[in-house]
Amino acid sequence: MIKVQKDDFNVNQEIKDISSLNKNIGGIGLFIGKVREGNNSELKSMTLEHYPIMTEKKLENINNEAKVRWNLVDSLIIHRYGKLYPGDQIVLVATFSEHRADALESCEFLIDWLKTKAPFWKLEESNKGKIWVEEKKSDLEAANKW
Amino acid sequence: MIKVQKDDFNVNQEIKDISSLNKNIGGIGLFIGKVREGNNSELKSMTLEHYPIMTEKKLENINNEAKVRWNLVDSLIIHRYGKLYPGDQIVLVATFSEHRADALESCEFLIDWLKTKAPFWKLEESNKGKIWVEEKKSDLEAANKW
Amino acid sequence: MHIKYFSWVKDQIGIESENLIINKKIDSVIDLITYLKNKNEKYNKAFEDLSVIRCAVNMEVVNLDNKINDNDEIAFFPPMTGG
Amino acid sequence: MHIKYFSWVKDQIGIESENLIINKKIDSVIDLITYLKNKNEKYNKAFEDLSVIRCAVNMEVVNLDNKINDNDEIAFFPPMTGG
């Protein structure tokens, strides 16, 4: 399942909703991305812009790709948009499998992919003003390894 | 932090308790291990026995080892013991870092380690009776890769 | 042709989207960019460095030499930074 | 010498732990196992296949040739299956 939403999410509730449907889940791999304040508390806010419909479409595609490549019972991506603050949750990736390797690997695959292929753009507001976050070389490399 | 307990845990609460102490967390890697019913609903219960004090000591050691090997803001292991049923949560590993690679790698390291080095033993009860779970070769290999 | 702009491309051009009826022959994304750059200095500036411009045609990311049609939805944006 | 048993080792021997006062010379874990196997058939059975027996001395996993002392806590168990 994929969800693109303004609202925060409760990871316990989200995994319970999926786990209750299937008692054959042995492991859940999760990643939660959060707004980081920075070492000198420089960040005031982060606004996530996205390309509606394309976002949902691309997330749906990659979520299906994970299910093809790994043996998953289910998987979930929640990505927030709008204005967020230090400490806020941005993204949740959760993969459910019988054996842990499938969950752990596909979870890493999904978050690596999201970093460079999901149509989101981050505007950071700090003391220095507003700056659009640039693509990181390390993120490109991480996405290309899959 | 490590917790060895009979009671269930709420992953949302656990990560909130740690995240609220530090706004410089950019990513949380998580793994939740659950009691799997099996493909033919054969499992009735799983009883986890452990070696008190040694368990806490070994978990504390490995948690510190993860903090030495990776750049972590914090990390948490919760391991349950006692009689559990299909769908129940057994273990939570949560690693908190500024950048995602540290969280994801150390999370995998910790769960791989727990499988073969934490003094727990699992007694499965099914239609066929009670059987102590045997060590898996794949778990040994996973632990040895670190 | 429906065109959308995101992130700093949107900021520089000053609009989120526009419908263009183009009388000239526009075959590819790069033709469209050339056309837009001639409109005014804002567009010219936004498309100055094409190495940081990405394009989606009907919500699929494509190369700048990709063919386009009158009824396509074209989006321009910098590299994506999700997750 | 305080000895603990876990999992099926405990089930086969029939007790969780015991305190042994040993008059014989017991230098290593393997000496202790030999001593225990001679006690009765339950111990003999439990320690039949040493490839599936693990030992901790004072809560550290050790090899079976590890030295032990009178005041050590010794634990016997099969390979661990945590997580």
Side-chain angles (χ1 to χ4, degrees), chain A residues 8-16 18-43 46 73 85-101 103-105 107-112 114-115 136 138-139 141-142, chain B residues 8-16 18-43 46 73 85-101 103-105 107-112 114-115 136 138-139 141-142:
Chain A
D8 197 13
F9 50 83
N10 178 314
V11 58
N12 206 59
Q13 193 56 54
E14 298 292 344
I15 62 170
K16 204 165 266 181
I18 290 178
S19 302
S20 63
L21 302 172
N22 193 314
K23 285 220 164 58
N24 221 13
I25 295 165
I28 311 175
L30 298 135
F31 180 81
I32 297 172
K34 290 168 66 74
V35 180
R36 204 157 54 87
E37 194 165 45
N39 291 313
N40 306 307
S41 309
E42 57 264 33
L43 190 81
M46 176 187 276
V73 175
Y85 298 90
D88 281 355
Q89 303 184 120
I90 305 169
V91 64
L92 170 70
V93 172
T95 51
F96 305 73
S97 62
E98 292 188 18
H99 305 288
R100 76 182 181 289
L104 289 167
E105 282 179 23
C107 180
E108 190 181 345
F109 163 74
L110 286 172
I111 186 65
D112 279 349
L114 283 172
K115 288 278 170 182
K136 275 193 264 173
S138 59
D139 285 337
E141 287 163 0
Chain B
D8 196 14
F9 50 83
N10 177 314
V11 57
N12 205 59
Q13 194 56 53
E14 298 293 343
I15 62 170
K16 204 166 266 181
I18 289 179
S19 302
S20 64
L21 302 171
N22 193 314
K23 285 219 165 58
N24 221 12
I25 294 165
I28 311 174
L30 298 134
F31 180 81
I32 296 171
K34 289 166 68 74
V35 180
R36 205 156 55 85
E37 193 164 46
N39 291 314
N40 306 308
S41 309
E42 57 264 35
L43 190 82
M46 176 186 277
V73 175
Y85 298 89
D88 281 355
Q89 303 184 120
I90 304 169
V91 63
L92 171 69
V93 172
T95 50
F96 304 73
S97 62
E98 293 187 19
H99 304 288
R100 78 182 179 287
L104 290 166
E105 281 180 23
C107 179
E108 191 182 342
F109 163 74
L110 286 172
I111 186 65
D112 278 348
L114 284 171
K115 288 275 169 184
K136 276 192 263 172
S138 59
D139 284 338
E141 287 164 0

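Keep in mind the model is a prediction, meaning the values are calculated, not measured. Sequence lines set the chain letters: A, B, ... in the order given, protein chains first and strands last, and positions in each chain run from 1.
- With chain B as the partner, the residue from A/Lys16, A/Glu98, A/Lys115, A/Arg100 showing the most heavy-atom pairs under 4.5 Å is A/Arg100.
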How far apart are the C-alpha atoms of B/Ile15 and A/Gln89, what are their side-chain angles, what is the distance that settles it, and do they pass the side-chain contact (heavy atoms from CB on, under 4.5 Å) test? CA-CA 11 Å; B/Ile15 62 170; A/Gln89 303 184 120; 4.1 Å; yes
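- Checked by atom type and distance alone, the side chain of B/Asn24 pairs as donor or acceptor with a backbone atom of A/Gly38 at under 3.5 Å.
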For A/Lys34 and B/Lys23: C-alpha separation, side-chain torsions, deciding distance, then whether side-chain contact (heavy atoms from CB on, under 4.5 Å) applies. CA-CA 9 Å; A/Lys34 290 168 66 74; B/Lys23 285 219 165 58; over 6 Å; no
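- Counting heavy atoms from C-beta on, the side chains of B/Glu108 and A/Glu105 never come closer than 4.5 Å.
- Separating the SG atom in B/Cys107 from the CG atom in A/Leu104 is a distance of 6.0 Å, to the nearest 0.5 Å.
- For chain B, the option among A/Ala142, A/Gly27, A/Gly26 with the highest count of heavy-atom pairs below 4.5 Å is A/Gly26.
- The structure places CG of B/Leu92 at 8.5 Å from CG of A/Leu30, a figure rounded to the nearest 0.5 Å.
- If you tally non-hydrogen atom pairs under 4.5 Å between each of A/Asp88, A/Asp112, A/Thr95 and chain B, the highest count goes to A/Asp112.
- Of the two parts of B/Val35, only the backbone, made up of N, CA, C and O, holds a non-hydrogen atom closer than 4.5 Å to a non-hydrogen atom of chain A.
- Separation of atoms CD1 (A/Ile28) and CD1 (B/Ile32) is listed at 4.5 Å; rounding is to 0.5 Å.
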